[in-house]
Amino acid sequence: MPDFKAEISARLSELQLSPAREAEIVEELSQHLEQEYERALSSAASEEEARKKVVEELNTTDLLRRELKNVERPVSQEPITSGKGSTINMFSDLGQDIRYALRMLRRIQRSRR
């Protein structure tokens, strides 16, 4: 069975996704393409015909690339430094976390009654 991961990675490289996210997408797409390859083989296609069919499908993934570009954020190349950013956001995030924790505690207490 052909390995489609290298071809998928080459097509996604320009999106500058995080390595972990790119690996997830590559794994998911390669599984899909392997299933399509197996499906083509089971419908009496030769190995070469099945591979061509799957590669054609991979070539039409420009739509996928455009959609991923809209959804995914590029990885920031700037290192994170402490003290950078607004402390207001930090306090609002902390307040939101505390409110969530209190709601969960109330829910647990109610369920025990």
Side-chain angles (χ1 to χ4, degrees):
M1 177 177 303
D3 182 23
F4 300 106
K5 291 181 181 181
E7 293 181 44
I8 296 167
S9 293
R11 286 169 171 79
L12 296 178
S13 64
E14 72 184 40
L15 296 178
Q16 299 177 341
L17 302 170
S18 71
R21 183 66 178 134
E22 184 173 329
E24 289 175 10
I25 293 169
V26 167
E27 185 65 33
E28 189 72 29
L29 277 176
S30 67
Q31 287 177 2
H32 170 72
L33 294 177
E34 288 169 5
Q35 289 173 350
E36 291 300 314
Y37 178 79
E38 291 294 327
R39 195 172 291 135
L41 286 177
S42 68
S43 66
S46 70
E47 288 183 9
E48 184 60 29
E49 290 171 336
R51 187 181 189 299
K52 283 182 182 178
K53 180 181 177 186
V54 170
V55 170
E56 283 177 20
E57 184 176 336
L58 186 59
N59 287 336
T60 61
T61 58
D62 287 340
L63 173 64
L64 174 69
R65 187 179 314 164
R66 284 193 308 263
E67 293 302 317
L68 282 173
K69 192 177 266 189
N70 291 333
V71 174
E72 300 289 336
R73 294 180 302 199
V75 177
S76 173
Q77 300 299 323
E78 296 179 21
I80 299 173
T81 57
S82 63
K84 186 177 180 183
S86 173
T87 56
I88 294 172
N89 287 339
M90 181 179 72
F91 287 119
S92 67
D93 291 345
L94 178 62
Q96 185 176 6
D97 291 344
I98 291 171
R99 287 189 300 273
Y100 177 76
L102 291 172
R103 284 195 310 269
M104 292 301 108
L105 286 172
R106 275 189 241 133
R107 182 179 291 169
I108 290 170
Q109 287 176 343
R110 288 180 197 153
S111 67
R112 289 185 180 175
R113 291 181 187 175

Problem - Verdict with reasoning, Glu28 to His32, per side-chain contact (heavy atoms from CB on, under 4.5 Å) - result: CA-CA 6 Å; Glu28 189 72 29; His32 170 72; over 6 Å; no

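- Smallest separation of non-hydrogen atoms from Ala40 and Ala50: CB-CB, 3.7 Å.
- The number of heavy atoms from other shown groups lying within 6.0 Å of CD (Glu38) is above 12.
- One distance of note links CZ of Arg107 with CG of Leu102; it measures 13.0 Å at 0.5 Å rounding.
- For the atom pair Arg110 CZ and Leu105 CG, the distance stands at 11.5 Å (nearest 0.5 Å).
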Handout entry: Chi angles and distances behind the side-chain contact (heavy atoms from CB on, under 4.5 Å) call for Val54, Phe4
Key = CA-CA 9 Å; Val54 170; Phe4 300 106; 3.5 Å; yes

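- Residues Lys53 and Tyr37 are not in side-chain contact: their nearest non-hydrogen atoms beyond the backbone lie 4.5 Å or more apart.
- Glu36 has a carboxylate O that lies under 4.0 Å from a charged side-chain N of Arg39, or vice versa, which qualifies the two as a salt bridge.
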Practice task
Check the pair Val55 / Leu33 against side-chain contact (heavy atoms from CB on, under 4.5 Å), numbers first and verdict last.
Solution key: CA-CA 8 Å; Val55 170; Leu33 294 177; over 6 Å; no

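- Distance check: Glu34 CD to Leu29 CG gives 11.0 Å after rounding to the nearest 0.5 Å.
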Practice task
Show your working on side-chain hydrogen bond (donor to acceptor under 3.5 Å, both in side chains) between Glu27 and Gln31 and close with a plain yes or no.
Solution key: CA-CA 6 Å; Glu27 185 65 33; Gln31 287 177 2; 3.3 Å; yes

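- Residues Glu24 and Arg21 are paired through a salt bridge, judged by an N-O separation under 4.0 Å between the basic side chain and the carboxylate.
- Heavy-atom minimum distance, Glu22 versus Ser9: OE2-O, 3.9 Å.
- Note: Met104 CE to Arg106 CZ = 9.5 Å, rounded to the nearest 0.5 Å.
- Interatomic distance, CG of Leu41 versus OG of Ser46, reported as 8.0 Å (0.5 Å rounding).
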